[in-house]
Amino acid sequence: MKFNLKEEDALNKITSLFERRGFRRFRSGCFEEYSLYRDNESFLVGKNVITFTDLTGRLMAIRPDVTLSLIRRTEIDGARTCKYFYNESVYRRATGGKDFREISQTGAEVVGRIDGLCEVELVSLMCETLGIISPDYILDISHVGYTEGLLSEFGDRREEVKDYLSRKDVHDFIKLAQNQGYGKELVNAFISAAELDGNAVEAIEKAKKTALNVKMKSALDELEVLVSRLSVAGLDGRININFSMANDADYYSGLVFNGYIDGVPHCVLTGGRYDNLLHKFGKEGGAIGFAVYLGEIERYFASEDVTVDCLIVYDDSSEDKALKLARDCLAKGKSVRLDRNADLTGCAATEIFDLTEGVKR
Amino acid sequence: MINIALPKGRLGEKVYKLLARVGYGCDEYSEESRKLVFKDSRGEVSYFWVKPADVSVYVELGAADIGVVGKDILNEYNPDVYELLDLGLGKCSMCVAAKSDWKDDISVPLRVATKFSHTAEKYFSGQGRDIEIIKLNGSIELGPVLGISDVIVDIVETGTTLRENDLKVFTKINDISARLISNKSAYKFKGGEIKNIVAKLAEVIK
């Protein structure tokens, strides 16, 4: 499967999307102290980091992620809203790959004072970003309040149950439930959470029936408000509720997101509300953001062909003639490629001048 | 169209027959055929046979939307997929076995021969036991017999091979059976059809 556009075009369109909403570009250096990543390992998509020792003996890392740098470096004030976007290379293992790679990461973060409008704006941006890459996308939304509320009912078995939830593994959960003698209400709440995966409006209605505690109920209320605001923008059709996302509650505090594109086997966009990460850095306020890893889906983009107006094919006897013809074409404002081969792969030309035979084809 | 990866061999054939019973059969299929890919005439499903240990790779990378794989493989490779159904077929267990007169000496690292190195590492680290993995690809039972390992971690079905080689099970790590798995992205875009297949299969294996 191939998308209809080139990676570079996708990137330009996404960048302009952020600029038109008044997001400010964040740039940072490539190196950070390794401790930044070691202390926040489970916030990272991949755990492997390239490290080196700098001239003063500090252990440094080549950044595997942009968000942590942004949170560390920006002034954040709980009373004001700051909106940033970035488009930088990160260095880590690609999903499913074995070696380190340079991967382009593009994303947006809103930090400081976050209200309902910020959340709706950011979810709309996620949808628009996915929509630029392909019209066949789905944005999965979950809420840490809902999953944590559910898992809190399982006491010291919570990690095991969390694992079942992330794999939608109901059969193994039922074996555990039988062993542990869980009540019907608890079992049904798990099954409903694991099996839910579909249109947001219907899913929220279903989830309400099995919500067990205040935490789960208030998460659903929040989701309901968000979804109703998104449906005003006509986005509800592409939004799914799915509680099987393994997100670390140490970092995430509310909404979490995974974006999928039809034909791409893995998730291409991740994001969420990560107030807890901000507080770990001793900063006030909230934060919500997302990232797409275009570098991980580069094989799906249309190939980067060179397109010129004129291709001039020459041989030893026609070198001078070719140079003159090229000058003439350029003077007329046309783009020109000089080459010995007419059948260039990766180059498309509107007109071909074959000077090896002196004929225009 | 749903693409289904089946494990080559007896288990895969049993699963195919279950799927055929619930309406996903193909005219092209025959037990003798060595064809690796076959489709039904209505264009609803396409099957392909792969090495059992590779099913999860095909599903994770999206070449197959769903597949059938042993829990032993899922535990070993931990692929990023949904696990939707326990088919209750191919039942066996992952065990620690050794020569019947074996006694553990905790002052030295335990030498473990196995195909399932992650499973073994995870189990023994949970026990706080230092181990040395000896990775073998077959005839694991020979490890303790020829003295290159103290124990083995392997699948035990009937225990005949163990008994014939004077080995016995010391601990059962977990139960194994065949599971139906789904690619996460396919579950978003072909969710209706996948849920249909799961529901129909769940009905016949009850």
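Each chain gets a letter, A, B and so on, in the order the sequences are listed, and its residues count up from 1. Any value given below was found using the heavy atoms of this structure, including those in side chains, with hydrogens, waters and symmetry copies removed.
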Cross-interface N/O pairs, chain A with chain B, donor-acceptor, under 3.5 angstrom:
from	atom 1	to	atom 2	distance (Å)
A:Asp140	OD2	B:Lys188	NZ	2.6
A:Arg167	O	B:Glu83	N	2.7
A:Arg167	NH1	B:Glu83	OE1	2.6
A:His171	ND1	B:Asp86	N	3.4
A:His171	NE2	B:Glu83	OE2	2.7
A:Asp172	OD1	B:Arg179	NH1	3.3
A:Asp172	OD2	B:Arg179	NH1	2.6
A:Lys175	NZ	B:Asp86	OD2	3.2
A:Asp197	O	B:Lys195	NZ	3.1
A:Asp197	OD1	B:Lys188	NZ	3.4
A:Asp197	OD2	B:Lys188	NZ	2.8
A:Asn242	ND2	B:Tyr82	OH	3.1
A:Val264	O	B:Ser185	OG	2.8
A:Pro265	O	B:Asn183	ND2	3.3

*A:Val268 versus chain B, heavy atoms under 4.5 Å apart: side chain, backbone, both or neither?*
neither
*Could you look at B:Val59 and say if it's the side chain, the backbone, both or neither that has a heavy atom under 4.5 Å from chain A?*
neither
*Would you please name every residue forming a salt bridge (charged side-chain N to carboxylate O under 4.0 Å, His left out) with A:Arg38, sequence neighbours left out?*
none
